[in-house]
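See below for the structure under consideration.
Counting starts at 1 for both ligands and their atoms, following the listed order.
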Amino acid sequence: MDTIIREGNPTLREIAEEVRFPLSNEEQILCKEMIEFLKNSQDPELAEKYNLRGGVGLAAPQLDIKKRIIAVHIPSDEQNAEPILSSIMINPKIISHSVQSSCLAEGEGCLSVDREVPGYVVRHSRITLTYFDPEGTSHKIRLKNYPAIVVQHEIDHINGIMFYDHINSQEPFKVENDVTVIS
Ligand SMILES: O=CN(O)C[C@@H](CC1CCCC1)C(=O)N1NCCC[C@H]1C(=O)Nc1ccccn1
Ligand code: NI
């Protein structure tokens, strides 16, 4: 998984392909590896040992694989509690969203971007999305707050969008009055 490609690689700017079911063995293994990577990256020892930056989300294009597969693994704040959200989402699709917008107070980063890009990344506060799990079962879920931000960051990746595309270059920390800043 040290094969995370960096900005400048054209794959990060392409639209990834829909995945067909049933998954190939290779695709099934990829899904497992993506979640494993996130879990390992959040383990202090393993992150130290393999020099990983802890990640809560990963999109297949970041592995130079142009497929609409994303992984999210968002830990809970308490130690050893269940993660808030841990999921592989195949062909994810936002089918509706709030008018209300939100952004992370500390801005966003990306495992494919080895530099700080300061500024608010304004996203939908709440989203309803459909996706398929690796078994091909369709799901429809609603997300808000941080999990909604993470999933939107990942869905951007399969559409060739980087987080800094959303930053207002004139006024990076400008917020319209009705944007919720999440800290
Ligand atoms: O496309 C996917 N990516 O680029 C990995 C990104 C995804 C998140 C960035 C903002 C929303 C989704 C990622 O996870 N990060 N960005 C760069 C370094 C930090 C790291 C991070 O936020 N880590 C974290 C946060 C909370 C708890 C544990 N770890
Ligand atoms: Ni990213």
Give me the nearest non-hydrogen protein atom to atom 9 (C) of ligand 1 as residue plus atom name, then the distance to 0.1 Å. G109 O, 3.4 Å
Relative to atom 11 (C) of ligand 1, which among H153, H73, E106 owns the nearest non-hydrogen atom? H153
Distance under 4.0 Å to a non-hydrogen atom of Y146: what atoms of ligand 1 satisfy this? 25 (C), 26 (C)
Taking only heavy atoms of E108 into account, list the atoms of ligand 1 that are under 4.0 Å away from them. 10 (C)
Would you mind listing which atoms of ligand 1 come within a distance below 4.0 Å of any non-hydrogen atom of G55? 14 (O)
Report the member of C110, P147, S112 with the shortest heavy-atom distance to atom 17 (C) of ligand 1. C110
Nearest-contact summary for atom 21 (C) of ligand 1 - protein heavy atom, Å: G54 O, 3.6 Å
If we count only N and O atoms by modelled type, under 3.5 Å, do the side chains of S98 and H124 hold a donor and an acceptor together? no
Give yes or no for whether the N/O distance cutoff of 3.5 Å, strictly under, is met between R53 and ligand 1. no
Once rounded to 10 degrees, what value does the angle at the Ni ion (ligand 2) take between SG (C110) and NE2 (H157)? 100°
What do you reckon, does G57 put a non-hydrogen atom under 4.0 Å from ligand 1? yes
What residue and heavy atom of the protein are closest to atom 8 (C) of ligand 1, and at what distance? V56 CG2, 3.8 Å
For ligand 1, is F163 a contact, meaning one of its heavy atoms is under 4.0 Å away? no
